[in-house]
A.B. asks: 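Supplied in C-alpha cells, the structure appears directly below.
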Amino acid sequence: MVVLRSGSSTFNQNADYEEKNGKHSLYYSKHDSSGLYSLLQNSIRSFQGLLNVPEEFNSVLFGGVLGSLFSFLQFLSSPIFGALSDVYGRKPIIIFSLIGISVSYGLWFIASNFVIFVLARIIGGLCKGNVSLSYSVMTDILDPQSRSKGMALIGVAFSIGFIIGPVVGVGFSKWGTSGWFAASAFYAFALSLGNILFCSYYFQETLPK
C-alpha cells in the first residue's frame, strides 16, 4: 500500500482497500450460523484495542490470525510427516500430504459458511508436510557437497511462487465482485491435483533402503 502525504487521502485509500478486500469476509459474516466469525472478530477487536490499532486494519489482523493458524498447524505436523516418511518412505507420505492439501482447497471452493472455510485452513495446515519432506528428499539424493545447492533450489521455487502467486491472486480479484475467491480456490485445487498426478507417476522413492 502506498502511503500518501495527505492524511485524508491516506484514510480514503485505506477505506477503498477495505471495500475491495473485505468482500470475502463480508460474505462469511452473513453466512455464519455457528457464531465463529463473530467470536473471532470480537477477539480481534479486543486485540486491536490493546495495541491501539486503527479500525481500518481490522481485515489485515483477521487474515493474519487465519494465516497464523495455518502456519502453526504446519509447524506441529511437519515433524510427524518427517518421522512417518522415515518409516514408510517419502513418496507415500508426500502423496498423502498432497491429497490432504487438495481436500483443503476443495473445501475452500465449496465453503458456503465460515466454519467450512476455517476447517479447510486447518486441514491444509495439518497436511502441509510436503514442504519439509522436500528438504528430506534433497538430503536423500544429493551428496554433502551438492546438498546446499539443492536446498537453494527449494528456496528459489518458493521465491518464484511468492512472485507469481500475488499476481495470479490480483487477476482473480478482478474476476468479479462476488465469486472471485471461489475461482482462485478452484485454481489452487486444480494445481494440487496436478501435483498428485505428477508425484504418483514421476516421483521415485528416495529413501535409502
Side-chain angles (χ1 to χ4, degrees), residues 17-18 21-29 31-32 34-48 51 53 57-85 93-136 154-155 157-173 180-196 199:
Y17 177 87
E18 288 295 313
N21 293 276
K23 292 172 182 175
H24 197 166
S25 298
L26 182 61
Y27 173 84
Y28 286 129
S29 68
H31 298 78
D32 178 38
S34 68
L36 178 61
Y37 184 95
S38 299
L39 176 64
L40 184 58
Q41 190 73 271
N42 292 334
S43 299
I44 290 174
R45 286 201 175 96
S46 299
F47 183 70
Q48 278 182 274
L51 299 181
V53 178
F57 296 109
N58 178 273
S59 64
V60 178
L61 290 175
F62 196 91
V65 169
L66 294 177
S68 299
L69 172 65
F70 181 93
S71 299
F72 177 69
L73 293 174
Q74 180 184 358
F75 169 77
L76 294 179
S77 64
S78 290
I80 299 175
F81 275 94
L84 290 174
S85 72
I93 303 303
I94 287 178
I95 292 176
F96 177 81
S97 173
L98 293 175
I99 291 174
I101 293 170
S102 293
V103 170
S104 72
Y105 287 139
L107 284 174
W108 179 24
F109 175 65
I110 65 172
S112 58
N113 58 66
F114 188 64
V115 172
I116 297 178
F117 175 72
V118 173
L119 178 62
R121 299 298 294 172
I122 291 174
I123 294 176
L126 288 173
C127 294
K128 201 62 175 177
N130 60 317
V131 176
S132 60
L133 290 179
S134 299
Y135 291 97
S136 298
I154 298 176
F158 269 99
S159 298
I160 294 174
F162 287 140
I163 293 172
I164 297 178
V167 176
V168 175
V170 168
F172 279 115
S173 71
W180 64 268
F181 53 88
S184 59
F186 181 78
Y187 175 71
F189 177 68
L191 289 179
S192 65
L193 290 180
N195 284 336
I196 295 173
C199 287

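Please read these numbers as outputs of a predicted model, since none were measured by experiment. These values consider heavy atoms only, across backbone and side chains, with no hydrogens, waters or symmetry-generated copies.
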A.B. asks: With sequence neighbours left out, what residues match Ser77 under side chain to side chain donor-acceptor pair (under 3.5 Å)?
C.D. replies: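 Scan of Ser77 (side chain to side chain donor-acceptor pair (under 3.5 Å), adjacent residues dropped) gives none.
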A.B. asks: Among all residues two or more places apart in sequence or in another chain, which pass the side chain to side chain contact (heavy atoms under 4.5 Å, CB included) test with Cys199?
C.D. replies: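 Side chain to side chain contact (heavy atoms under 4.5 Å, CB included) list for Cys199, sorted by chain: Ile94, Ile95, Leu98, Phe203.
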A.B. asks: Report yes or no: does Asn130 contribute a side-chain atom to a donor-acceptor pair with the main-chain N or O of Leu133 at less than 3.5 Å?
C.D. replies: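 Pair absent, no side-chain N/O of Asn130 close to backbone of Leu133.
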A.B. asks: Identify, with sequence neighbours excluded, every residue that meets side chain to side chain contact (heavy atoms under 4.5 Å, CB included) alongside Ser102.
C.D. replies: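 Per chain and number, Ser102 pairs via side chain to side chain contact (heavy atoms under 4.5 Å, CB included) with Phe189, Ser192, Leu193, Ile196.
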A.B. asks: Could you pull out all residues at least two apart from Phe158 that satisfy ring-ring contact (aromatic ring centres under 6.0 Å, His included)?
C.D. replies: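 Not a single residue meets the ring-ring contact (aromatic ring centres under 6.0 Å, His included) criterion with Phe158.
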A.B. asks: With sequence neighbours excluded, tell me which residues meet side chain to side chain contact (heavy atoms under 4.5 Å, CB included) with Tyr187.
C.D. replies: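 With sequence neighbours excluded, Tyr187 shows a side chain to side chain contact (heavy atoms under 4.5 Å, CB included) to Val168, Phe172, Leu191, given in chain and number order.
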A.B. asks: Quick check for you: to the nearest 0.5 Å, what is the distance between Trp108 atom CH2 and Arg121 atom CZ?
C.D. replies: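 Trp108 CH2 to Arg121 CZ: 7.5 Å, rounded to 0.5 Å.
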A.B. asks: Can you give the donor-acceptor pairs under 3.5 Å from side chains of residues 63-73 to other protein atoms, not counting sequence neighbours?
C.D. replies:
| unit_1 | atom_1 | unit_2 | atom_2 | d |
| --- | --- | --- | --- | --- |
| Ser68 | OG | Gly64 | O | 2.7 |
| Ser71 | OG | Gly67 | O | 3.2 |

A.B. asks: Between Ser78 and Phe75, is there a donor-acceptor pair closer than 3.5 Å when you use the side chain of the first and the backbone of the second?
C.D. replies: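 Judged by distance alone, no pair lies under 3.5 Å.
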A.B. asks: Kindly check if the number of other-residue, nucleotide or ligand heavy atoms within 6.0 Å of OH (Tyr135) is above 12?
C.D. replies: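 Atom OH in Tyr135 is packed in, count exceeds 12.
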A.B. asks: Sequence neighbours left out, what passes side chain to side chain donor-acceptor pair (under 3.5 Å) with Ser134? Give chain and number order.
C.D. replies: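 Side chain to side chain donor-acceptor pair (under 3.5 Å) check on Ser134 returns nothing, list empty.
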A.B. asks: Where do Gly129 and Ser97 come nearest, in terms of heavy atoms and distance?
C.D. replies: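 So the minimum-distance heavy-atom pair works out to N-OG, 3.5 Å.
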A.B. asks: Who pairs with Ala188 by side chain to side chain contact (heavy atoms under 4.5 Å, CB included), at least two apart in sequence or on another chain?
C.D. replies: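 Side chain to side chain contact (heavy atoms under 4.5 Å, CB included) check on Ala188 returns Tyr105.
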A.B. asks: Run the side chain to side chain donor-acceptor pair (under 3.5 Å) test against Ser104 and tell me which residues pass, sequence neighbours left out.
C.D. replies: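 Checked Ser104 against side chain to side chain donor-acceptor pair (under 3.5 Å); zero matches.
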